[in-house]
Number of protein chains: 2
Amino acid sequence: MNSTEDRRITRTKEAICAALVALIEEKGFEALSVKDIAIKANINRGTFYLHYKDKFDLLDQTLDQVVQDMERILLEIRLVSVADFKETWIPKAIATKLFEYFNDNASLIQAILVTKGNFVLVTKLKQLMLKNIFEKDEAISIKKEKLLVPCEYLASYIASAHFGVVQEWLDRGRRETPEEMAEILLNITFRGPLVAAGVFS
Amino acid sequence: MNSTEDRRITRTKEAICAALVALIEEKGFEALSVKDIAIKANINRGTFYLHYKDKFDLLDQTLDQVVQDMERILLEIRLVSVADFKETWIPKAIATKLFEYFNDNASLIQAILVTKGNFVLVTKLKQLMLKNIFEKDEAISIKKEKLLVPCEYLASYIASAHFGVVQEWLDRGRRETPEEMAEILLNITFRGPLVAAGVFS
DNA sequence: GAAATAATCAACTCACTGTTCAATAAATAC
DNA sequence: GTATTTATTGAACAGTGAGTTGATTATTTC
């Protein structure tokens with residue numbers, strides 16, 4: 001009756017997850033089969049079904065983990081001061097931590113961003129923004145009355161944009177450091193895309 | 001030897017496309033089968049294979065059509081004057097036309113935005129921006145030297161953000177008119193998300 | 001070392017795939 | 001309108017993967 005997981009389970013799940021990532025990169029999620037996963041992970045196909053209902057369940061569980069990790073990092077936003085917020089949108093330290101997480105799990109993130117994972121992650125970020133920034137009535141939040149456009153569209157705009165940049169960074173081979181990426185993203189969001197583009201120089 | 005398509009082919013393809021849209025909304029693209037499509041479209045399953053290699057081919061061809069339509073509308077940007085550009089990023093008329101297209105094909109667009117279609121459309125918009133705005137050396141283009149951040153990230157940011165807002169609009173049931181949406185989108189992009197949010201009021 | 005449990009292996013049913021071919025229906029061409 | 005061409009149908013086919021089961025083996029935990 002120990003809370004720690006049997007080593008065999010851990011090893012099997014890790015092998016399955018690694019196989020999933022490799023196969024998504026190889027042929028895309030729709031085209032891969034449970035049989036493919038079993039072969040790539042060097043496990044019996046029946047073993048897969050001891051842990052997951054089907055390949056969709058596997059993707060869902062994998063996504064859940066990423067969402068949890070992301071939420072944990074992002075919710076540190078509560079600790080920031082108003083001054084920081086007005087200057088840099090979200091603290092650069094938080095953004096950097098997020099990019100470090102994406103950096104450490106690059107293959108996984110890149111793989112799930114080309115599945116419905118993109119939609120799931122964008123939706124989660126949007127929800128967090130709406131809940132923690134546009135809704136709450138604290139010092140850090142933005143008053144709804146001050147909004148010049150509906151907050152749902154603002155949240156969708158920013159959330160979607162951010163993951164677009166993350167994906168571009170991963171696709172280009174992560175040439176910039178996490179800190180540089182945080183700087184770029186905050187720069188665009190803080191100044192606005194067109195000012196950052198130098199249109200009004 | 002006529003260039004026009006046999007009426008039967010047109011009807012069959014339209015039925016297949018409509019079935020695809022309905023089924024994506026119903027159970028998602030990964031989970032739907034060719035058999036599902038044939039039943040929903042009221043055609044023989046063998047007929048499907050007379051027109052498409054498999055369901056992936058169907059999605060690809062459907063996406064190609066949307067990409068072509070979008071490109072046709074967007075490339076009218078070439079006709080705009082520099083003054084218009086500096087004032088509204090892309091002409092409001094173009095943005096409105098795009099939203100009208102999305103409005104007329106709402107089910108289709110909403111269905112493909114939850115497949116890899118999101119990635120395909122964002123990538124296309126990004127490419128068009130890089131080619132027509134950041135790369136060219138004409139009056140309308142933005143000089144690369146003036147950029148404060150790499151243009152690939154700017155393009156990814158804006159392209160991704162725009163389709164995020166389109167998806168939000170579709171998911172919320174298209175409460176705003178195409179013109180209002182064009183206004184909102186241009187407002188955010190032109191002023192920057194945080195100014196539009198009233199942070200600096 | 002003993003008990004518990006995870007992984008394996010083989011077998012099986014089921015559903016969907018992708019293809020074929022003869023028969024039929026509907027379009028186009030004259 | 002009739003003839004010709006062509007799309008669609010229907011049925012049958014082998015092939016592949018899904019998901020499950022039960023007995024057996026291997027590994028881990030206590």
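Proteins get letters first, then strands, A, B, ... in listed order; numbering begins at 1 in each. As a basis for the values below, the full set of heavy atoms in this structure was taken, side chains included, without hydrogen atoms, waters or symmetry mates.
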Is the ring pair A/Phe56/A/Phe29 parallel, tilted or perpendicular, if the boundaries are 30 and 60 degrees?
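If you compare the ring of A/Phe56 with that of A/Phe29, the planes turn out perpendicular.
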Can you tell me how the ring of A/Phe99 sits relative to the ring of A/Phe102, calling it parallel under 30°, perpendicular over 60° and tilted otherwise?
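Ring orientation of A/Phe99 relative to A/Phe102: perpendicular.
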Side chain of A/Arg8: nearest nucleotide among D/dG17, D/dT27, C/dG18?
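Of all the options, the side chain of A/Arg8 is nearest to D/dT27.
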From C-beta outward on A/Thr47, which listed nucleotide comes closest to its side chain: D/dA18, D/dT29, C/dA7?
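Selected nucleotide (nearest to the side chain): C/dA7.
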Any side-chain heavy atom of A/Asp60 within less than 4.5 Å of one from A/Lys116?
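Side-chain contact under 4.5 Å: yes.
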Taking the side chain as C-beta and beyond, is there a heavy-atom pair between A/Val120 and A/Val66 under 4.5 Å?
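No. Closest side-chain heavy atoms not under 4.5 Å.
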Rounded to whole Å, how long is the line connecting atom [atom1] of [X] with atom [atom2] of [N]?
X: B/His51; N: D/dT6; atom1: NE2; atom2: P; answer: 14 Å
X: A/Glu5; N: C/dT5; atom1: CD; atom2: P; answer: 14 Å
X: B/Asp57; N: C/dT17; atom1: CG; atom2: P; answer: 14 Å
X: A/Tyr52; N: D/dG17; atom1: OH; atom2: P; answer: 21 Å
X: A/Lys53; N: D/dA18; atom1: NZ; atom2: C1'; answer: 11 Å
X: A/Arg45; N: D/dA18; atom1: CZ; atom2: P; answer: 6 Å
X: A/Leu50; N: D/dA26; atom1: CG; atom2: P; answer: 17 Å
X: A/Asn44; N: D/dT25; atom1: CG; atom2: P; answer: 15 Å

Assign each of B/Tyr49 and B/Asp6 to its nearest nucleotide of DNA chain C by heavy atoms, then name whichever residue's nucleotide is nearer the 5' end.
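Mapping each residue to its closest nucleotide by heavy atoms, the 5'-most match is B/Tyr49.
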Both B/Asp54 and B/Arg11 contact DNA chain C. Taking the nearest nucleotide for each, which residue is further toward the 5' end?
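That would be B/Asp54.
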Would you mind classifying the nucleic acid contact of A/Arg7 as base, sugar-phosphate or nothing, using non-hydrogen atoms under 4.0 angstrom?
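Here A/Arg7 touches the backbone only, sparing every base.
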Quick check on the 6.0 Å ring-centre criterion: do A/Tyr157 and A/Tyr153 meet it?
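No, the ring of A/Tyr157 stays outside the 6.0 Å limit from the ring of A/Tyr153, centre to centre.
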Is the distance from OP1 or OP2 of C/dA7 to the nearest side-chain N or O of A/Thr12 less than 4.0 Å?
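The answer is yes; a side-chain N or O of A/Thr12 sits under 4.0 Å from OP1 or OP2.
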